[in-house]
Amino acid sequence: MVIGVLDLQGAVDEHIQMLAQCGVTGKKVLSEEGLNQVDGLIIPGGESTAIMNLLLKFDLLKPLQEKVAAGLPIFGTCAGLVLLSRSDALAGIKGKVERNGFGRQKDSFQADIDVAGFDQPFPGIFIRAPYLKQVADDVEVLAKIDDDRIIAVKHGKILATSFHPELSDDTRMHQLFLDMVSA
Amino acid sequence: MKETGSTTVKRGMAQMQKGGVIMDVANVEQAKIAEEAGAVAVMALERVPSDIRAAGGVARMSDPAMIEEIMAAVSIPVMAKARIGHIAEAHVLESIGVDYIDESEVLTPADDNFHIAKNEFTVPFVCGCRDLGEALRRIGEGASMLRTKGEPGTGDVVEAVRHMQKVNEQIRHIQNEKPEHLMAIARDLRAPLDLVQEIHEIGKLPVVNFAAGGISTPADAALMMNLGADGVFVGSGIFKSENPAKFAKAIVTATANPTDYHLIAEVSKNLGAPMKGIDTATLHDEDKMAPRGI
């Protein structure tokens, strides 16, 4: 199994280290050719506006949109969730995304969160994090915070979190994605 | 329960900036150009370092109103500078909600003995370093991100290169030393022992380290990335160039893809004149900013 990590900007190495802990070698992807060689793709945390700019600059937006349509498994964290949700970006998750939904950096936080299917809480690390609201009926909500803010979702072969599992030492979210790739 | 201001959250913010360019901007218009070009953050300050050099006098924290205008105008993180050791300026910047504070030698130091106790703040700090001893002292005080000092406002990359090479050489040295020698190394570096031990164990800095101080072209940015920088700060290099928007985009592209030299050649074509700059070898000692706050 080859899992790519989109290598335009952000916490790329952290995802590769998490994959290594799961026994999988991660491969940095920054071209259409690289994209065609992976069984699944991670879009890391970073600045979504910067990543969006670079997707256009490196002619990757359209190929990625085609991969989403073709059902390539994709896991997006934070900026990755924003790009997967924006209709002008990857449009893989139908819902409304609130960028920097919890506020500025001073409001960034850690909290243990309950994730559907996990029997123990997951250490959520939220950095200028987005959240989703009003997702479509076929989007499976895995976690919420503050009553109604959606922070983890699954939709077909797409997994997305507002928080950064790659900054924690808990591999369960990455393992869940690898299971989705294998399935 | 939500915990704000943790080490993970503060260092993590810098990890999200990796591979990106942080640009100095002096007004809303420049901030928008930077965001449009793909900057991962902007540094809001009234005068870029080359203008601070030219103006002379005491350089202080920028007007909070100007910083707030920029915060309102862009969705990317906004950083701002406090004077070294100026605890009150740092608290003021934290109170208006800036995303990162740069305790910066570009401004005139307020305390020539003590840096700010950065651990006590919720907002994360970035600090400059010329070598590993400075880097580890700043981390010991609570810096969540580092940058080379370089020589700000000169457009001459040589000092940034020297500082990056120095830090990396000292890390390699520690990695190859025997554990029983680490105390002597900590003594010589004037660095906390626990951080020297951590470097020995992990072989890298525990926080993100950007390059800063003299980067003014796409090739400069690529050079610093290839020397091991996690990203770059560009101060005067963008808005003192002939075509700021083009320079900004080109530097972003080169930083994201620092070994694709065909691409860097492409984005470097017809950019117009970069900032004029000053050869750092001609600077008098009293005009150098990097030796401030060690």
Side-chain angles (χ1 to χ4, degrees), chain A residues 5-15 17 28 30-31 44-60 77-80 82 98-100 102-113 121 123-130 145-146 163-169, chain B residues 1-22 34-42 71 74-79 93-101 121-124 144 204 208 230-231 248-250 252-257 259-260 263 266-267:
Chain A
V5 181
L6 189 65
D7 184 25
L8 294 173
Q9 190 271 313
V12 176
D13 294 334
E14 288 80 351
H15 275 292
Q17 282 155 18
K28 294 183 181 182
L30 77 170
S31 67
E47 279 307 316
S48 61
T49 50
I51 296 175
M52 182 71 179
N53 260 311
L54 291 165
L55 280 174
L56 292 166
K57 177 76 197 170
F58 295 135
D59 297 323
L60 275 170
T77 60
C78 195
V82 174
E98 288 288 330
R99 276 189 65 204
N100 305 334
F102 297 91
R104 304 193 73 97
Q105 172 60 17
K106 66 180 168 57
D107 307 307
S108 293
F109 64 96
Q110 286 179 258
D112 285 339
I113 49 174
I125 298 165
F126 297 78
I127 296 176
R128 289 172 46 96
I145 200 167
D146 303 340
F163 48 94
H164 294 281
E166 74 276 19
L167 295 184
S168 75
D169 49 14
Chain B
M1 216 193 63
K2 293 182 182 176
E3 184 197 357
T4 56
S6 67
T7 300
T8 302
V9 159
K10 293 200 283 190
R11 290 182 181 181
M13 163 72 199
Q15 286 168 274
M16 297 310 138
Q17 304 262 295
K18 286 195 299 180
V21 183
I22 300 170
E35 181 175 48
E36 183 99 344
V40 291
V42 290
M71 287 164 59
V74 295
S75 67
I76 55 178
V78 176
M79 301 185 172
L93 292 173
E94 182 174 58
S95 79
I96 63 171
V98 300
D99 296 296
Y100 236 93
I101 295 176
F121 286 73
T122 302
V123 65
S144 306
K204 61 185 180 74
V208 164
D230 291 314
K249 281 183 192 150
V252 166
T253 302
T255 304
N257 214 341
T259 54
D260 187 339
L263 179 69
E266 214 44 55
V267 299

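So that the names make sense, note that chain A is the first sequence line, chain B the second, and so on, each numbered from 1.
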(Q) If we define contacts as heavy-atom pairs under 4.5 Å, which of A/Q105, A/H164, A/K106 has the most with chain B? (A) A/Q105
Q. Which is it for B/K18 and A/E14 under the side chain to side chain contact (heavy atoms under 4.5 Å, CB included) test, yes or no, and what are the steps along the way?
A. CA-CA 11 Å; B/K18 286 195 299 180; A/E14 288 80 351; 2.8 Å; yes
Q) Can you list the residues that meet the salt bridge (Lys or Arg N to Asp or Glu O under 4.0 Å) rule with B/E36, with sequence neighbours excluded? A) none
Q: Measure from the side-chain N and O atoms of A/Q9 to the backbone N and O of B/M16, and report whether any donor-acceptor pair falls under 3.5 Å.
A: yes
Q: Considering only heavy atoms and a distance below 4.5 Å, find which of A/S108, A/G103, A/C78 pairs most often with chain B.
A: A/S108
Q.
Are the side chains of A/L30 and B/N257 in contact, using a 4.5 Å heavy-atom criterion?
A. yes
Q.
The test is side chain to side chain contact (heavy atoms under 4.5 Å, CB included); show your working for B/K2 and A/I145 and say whether it passes.
A. CA-CA 10 Å; B/K2 293 182 182 176; A/I145 200 167; 4.1 Å; yes
Q: Measure A/R104 against the heavy atoms of chain B and call it side chain, backbone, both or neither at under 4.5 Å.
A: both
Q. Between A/K57 and chain B, which part of the residue has a heavy atom less than 4.5 Å away: side chain, backbone, both or neither?
A. side chain
Q.
As an exercise: rank B/G38, B/A41, B/A37, B/A39 by heavy-atom pairs under 4.5 Å with chain A and give me the winner.
A. B/G38
Q: Name the region of B/S75, side chain, backbone, both or neither, that has any atom closer than 4.5 Å to a heavy atom of chain A.
A: both
Q: Please determine, among A/G45, A/G46, A/S48, the option with the most heavy-atom pairs under 4.5 Å with chain B.
A: A/G46
Q) For B/V123, is it the side chain, the backbone, both, or neither that has a heavy atom closer than 4.5 Å to a heavy atom of chain A? A) neither
Q) What part of A/L8 gets closer than 4.5 Å to chain B, counting heavy atoms only: side chain, backbone, both or neither? A) backbone
Q. Contact part of B/T122 toward chain A, heavy-atom cut-off under 4.5 Å: side chain, backbone, both or neither?
A. side chain
Q | Part of B/V78 within contact of chain A (heavy atom distance under 4.5 Å) | A | both
Q.
Using a 4.5 Å heavy-atom cutoff, which residues in residues 7-14 of chain B come close to chain A?
A. B/T8, B/V9, B/K10, B/G12, B/M13
Q: Could you look at A/F102 and say if it's the side chain, the backbone, both or neither that has a heavy atom under 4.5 Å from chain B?
A: side chain
Q.
I want to check something: taking the side chain as every heavy atom from C-beta on, are A/E166 and B/Q15 in contact at a cut-off of under 4.5 Å?
A. no
